[in-house]
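Below: the structure, in structure tokens.
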Amino acid sequence: MTKQEIINEVARALNLKSKEAKPIVEEIFNILKMSLESGINIEISGFGKFIIRKKSSRLGRNPMTGEEAEITERKVVTFKPSKLFRDAVNNGNQRN
Amino acid sequence: MIKIELISQLAKELELPRKEAALIINTVFDGISQSLAKGEKVEIRGFGSFRIKQTKPRMGRNPKTGEKIDIPAKIIPYFKVGKDLKSIR
């Protein structure tokens with residue numbers, strides 16, 4: 001479970017108990033989520049960008065019945081990793 | 001929202017010194033990055049999960065010269081949006 005590992009890292013860095021670090025880490029993702037929900041993109045240097053994209057409505061099909069149905073206009077969140085992050089992941093996993 | 005704004009907001013909401021908030025934010029994003037570099041995935045409930053994905057080698061083109069180039073297979077970070085984050089109106 002790596003979320004726990006991240007909580008442990010934060011606890012270690014701040015000299016906190018893991019129990020105390022947990023709500024702090026959760027608050028970060030809460031802030032990110034609220035920001036995206038209110039339509040604000042996020043840019044973390046060295047990590048990447050969370051971008052809200054608007055998808056227009058289109059015709060789709062119910063795969064079960066084959067019936068045509070309109071897929072309503074929606075907004076989706078996409079993540080674009082930074083070059084630093086991409087290189088770290090590619091280099092790290094090539095070595096394994 | 002950029003990183004320093006996230007740091008400010010975290011500091012304000014949890015009444016932490018800015019320096020500590022910055023240390024926390026950096027630790028979290030470095031932690032995710034290191035986990036993926038080790039080939040692990042990180043799941044944050046209610047937000048989404050960070051995973052790795054293998055891409056296939058493919059032929060690309062230099063858009064300027066039109067020259068063909070080999071693009072090797074890579075392992076890239078990938079974010080899968082969580083259920084709760086999917087329903088943005």
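Lettering follows sequence order; numbering is per chain, from 1.
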Report summary line: All heavy atoms of A:Arg86 vs all of B:Pro77, minimum pair found to be CG-CD, 3.7 Å
Requested in this report: Check whether any side-chain heavy atom of A:Leu14 sits under 4.5 Å from a side-chain heavy atom of B:Ile24, and report yes or no.
Outcome: yes
Requested in this report: Using the side-chain contact (heavy atoms from CB on, under 4.5 Å) rule, pick out the option among A:Ile44, A:Asn41, A:Ile31 that qualifies with B:Met1.
Outcome: A:Ile31
Query - Proximal component of B:Ile4, with respect to chain A [non-hydrogen, under 4.5 Å] - result: neither
Report summary line: Heaviest contributor of heavy-atom pairs below 4.5 Å to chain B, chosen from A:Thr78, A:Thr72, A:Leu36, A:Leu84, is A:Leu36
Requested in this report: Would you check if the distance from the ring center of B:Phe79 to the ring center of A:Phe50 is below 6.0 Å?
Outcome: yes
Report summary line: B:Ala73 and A:Gln94 have their tightest heavy-atom pair at O-NE2, 4.1 Å
Query raised in the report: chain A heavy atoms under 4.5 Å from B:Ser33: which part of the residue, side chain, backbone, both or neither?
Result: both
Query - Proximity breakdown for B:Leu36 and chain A, heavy-atom pairs closer than 4.5 Å - result: both
Query - Exam field: side chain A:Asn90 to backbone B:Ile75, donor-acceptor pair closer than 3.5 Å - result: yes
Requested in this report: Heavy-atom distances under 4.5 Å only: say whether A:Phe47 touches chain B with side chain, backbone, both or neither.
Outcome: side chain
Query raised in the report: chain A: which of B:Ile2, B:Ile44, B:Ile25, B:Leu14 shares the most heavy-atom pairs with it under 4.5 Å?
Result: B:Ile44
Requested in this report: Work out which heavy atom in A:Ala13 is nearest to a heavy atom in B:Thr27; give both atom names and the distance.
Outcome: CB-OG1, 4.0 Å
Query - Neighbours of chain B found in residues 55-69 of chain A - heavy atoms under 4.5 Å - result: none
Requested in this report: Please flag which part of B:Gln9 lies under 4.5 Å from any non-hydrogen atom of chain A: side chain, backbone, both or neither.
Outcome: both
Report summary line: Comparing B:Glu40, B:Glu20, B:Glu13 against chain A, the one with the most heavy-atom pairs below 4.5 Å turns out to be B:Glu13
**Report entry** A:Phe85 ring center within less than 6.0 Å of B:Phe29 ring center
**Finding:** no
**Report entry** Closest approach of B:Lys38 to A:Glu5 (non-hydrogen atoms, all atoms of both residues)
**Finding:** NZ-OE1, 4.4 Å
Requested in this report: Could you look at B:Val81 and say if it's the side chain, the backbone, both or neither that has a heavy atom under 4.5 Å from chain A?
Outcome: side chain
Query - Flag side-chain contact, heavy atom, 4.5 Å: A:Glu43 against B:Lys3 - result: no
Query raised in the report: Does CD belonging to A:Glu70 count more than 12 external heavy atoms closer than 6.0 Å?
Result: yes
Query raised in the report: Side chain, backbone, both or neither: which part of A:Val76 has an atom under 4.5 Å from a heavy atom of chain B?
Result: neither
